[in-house]
Amino acid sequence: MMSLNGSSFLNNSFSGVSRTQSQLLKLPATYRPMVVAMVNSNNGRPERNVGVSVDSAVKEVNGPVAVEVVESDSKQPTAAVGGGVEDVYGEDRATEDHFITPWSVSVASGYSLLRDPHHNKGLAFTVKERDAHYLRGLLPPVVVNQDLQVKKMMHNMRQYQVPLQRYQAMMDLQERNERLFYKLLIENVEELLPIVYTPTVGEACQKYGSIFKTPQGLFISLNDKGKILEILKNWPQKKIQVIVVTDGERILGLGDLGCQGMGIPVGKLSLYTALGGIRPSACLPITIDVGTNNEKMLNDEFYIGLRRRRASGQEYAELMNEFMSAVKQNYGEKVLVQFEDFANHNAFDLLAKYSTTHLVFNDDIQGTASVVLAGLISALKLVGGSLADHRFLFLGAGEAGTGIAELIALEISKQTNAPLEETRKKVWLVDSKGLIVRSRLESLQHFKKPWAHDHEPVNELLEAVKAIRPTVLIGSSGAGQTFTKEVVEAMASFNEKPIILALSNPTSQSECTAEQAYTWSEGRAIFASGSPFAPVEYNGKVYVSGQSNNAYIFPGFGLGLIISGAIRVHDDMLLAASEALAEQVTQEHFDNGLIYPPFTNIRKISAHIAAKVAAKAYELGLASRLPQPENLVAYAESCMYSPSYRNYR
Ligand SMILES: O=C([O-])CC(=O)C(=O)O
Ligand SMILES: [Mg+2]
């Protein structure tokens, strides 16, 4: 179905036949019009009259055409959105008065319906639908259900041995049949996460130029200065709830990939939908192209971005400022902007600058912190003691390292009532110049300064491990194979169960592999990694490691912000998310050495995280959607997008 944006998009502000008529007259006359009026229930009462007035208006203008009225069968407007009616979601729940946009209308010929990924069902169109929507003859005779389509796609997918080919097949599906894409992803999350997300998405970004087919998301470059608001208006969806934005300077642990970082916002947002139930049309991936300092990209004839070195300083700040203002102007103050994979020097500043005026969240600083804290809370059940009883050593003092460090210190401070300055002393960080100690204070970047404790200089990790004797070792440097045999052996020499987290992504950048962690610690390590590893057999026992990845947090976290109408992110919400995730780890998981629940139940987990985050937003007075729903978990679940096909009657 070809949807028409802008002025030809009919919305509920029209009432009655003549208004519809005048809007219809603006539509191109060149194709056979068919109108689908998607009518959402208004508190359980279908707005039949809307469909009827569309029907007569269309007939006035075009003569006999098909008018399809698709009713939502749910009493819950938000849940009805799960059925896919555009433009009605959470927003409209606050009060009756705000219950707006109960339906929207698109116009199409059958041919364009098949080529509209938001509405296409392929062979699953029923015979009735084929007749009603001018599809007869455009499809072979067989009619299949969505489950069979899933089965077939998975069968086809498994024929590809090369992960990047699977990635391309998934992207093609997303561009062809969105609901099938999400059903596939939701029902096969463990198998497909490593394809649409880390590690394969990293390779896809590196090769984005040569595999580029259909553009996804919005590209905003330095050439667009002064026109960013216009660009946002070019995007067909108007009600955006989550934006994931990158400038491509630090894509996973792969460094500066410039404009080709777009794979990351696209991938993160597909998880917002699949894992957190945010509807796809409310998600907007954006890449800000300010150039790249990556010579390989600059010299690659297939590179898709600006061929210039990165802008910085005022030029950079001005573009970002125009972007952030345009976002607020166009989408209001409740749109969530997730900063993703910015380099350290911009990430901290952007978060600090916009966190007081916008609903912003930095996934690499805050999301990663929250997921790691959850893992540590649950690891305590295996190793004993409280957080305050442990010593933490990080390799890597960037966004992830200092973000996690701060959240750990904050949680210990809450638990013990000790001041933050004291609890920070339990956490040590190593960067490229060695242990961060007080004698280095002057030359440290501002985000490292709180971690400069009293200690003699130590030049490298192994020495630091021996000097600090941490119980927990966390890799967040983006540099692979840095937890050497000696490092892991040292950890295992003074810890019965050393906790080792190799967070860097993708797999190639992991500080060590699962196999190395288990082998070098003689099977005693409690290990998790940012990118997934297959189970490892060591001494006749199978070890399954967890994935300490912010994908556990951001989808549910975002859902919690949305359902509460939060206007700001607060650190206590991150702590709430960590606790919610840790609570989802069962005895059975612990018995298997796992500190994270498997991804298979992620939607349920996300609903719990969302509920806790929303509850915290209400408690802090940061929620704008009133009154507070009684059962937040049930409410969160009712708001989640369902990828099942709708019936077009
Ligand atoms: O994308 C991921 O897998 C986790 C993440 O945010 C990163 O590594 O930057
Ligand atoms: Mg990231």
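Atoms within each ligand, like the ligands themselves, are counted from 1 in listed order. Values reported hereafter were calculated over all heavy atoms of this structure, with side chains retained and with hydrogens, waters and symmetry mates removed.
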Regarding Asn592 and Tyr543, is there a side-chain donor-to-acceptor distance under 3.5 Å anywhere? no
Is there a donor-acceptor contact under 3.5 Å from the side chain of Asn549 to the main chain of Gly530? yes
Over-ring placement of Arg391 relative to Trp428, 6.0 Å and 45° cut-offs: no
For the rings on Tyr303 and Tyr208, is their centre-to-centre separation under 6.0 Å? no
Using the benzene-type ring in the case of Trp, are the ring centres of Phe557 and Phe554 under 6.0 Å apart? no
Side chains of Glu175 and Gln216: is there a donor and an acceptor less than 3.5 Å apart? yes
Sub-6.0 Å ring centroid separation between Tyr596 and Tyr552: yes
Could you tell me if Gln241 and Tyr272 have a donor-acceptor pair between their side chains, going purely by distance under 3.5 Å? no
How about Asn293 and Asp256: does a side-chain donor come under 3.5 Å of a side-chain acceptor? no
Tell me the protein N, O or S atoms under 2.8 Å from the Mg ion (ligand 2), in chain and number order. Glu340 OE2, Asp341 OD1, Asp364 OD1
Output the set of protein residues with a heavy-atom contact under 4.0 Å to ligand 1, ordered first by chain identifier and then by residue number. Tyr197, Thr198, Arg250, Leu252, Lys268, Glu340, Asp341, Asp363, Asp364, Asn505, Asn549, Asn550
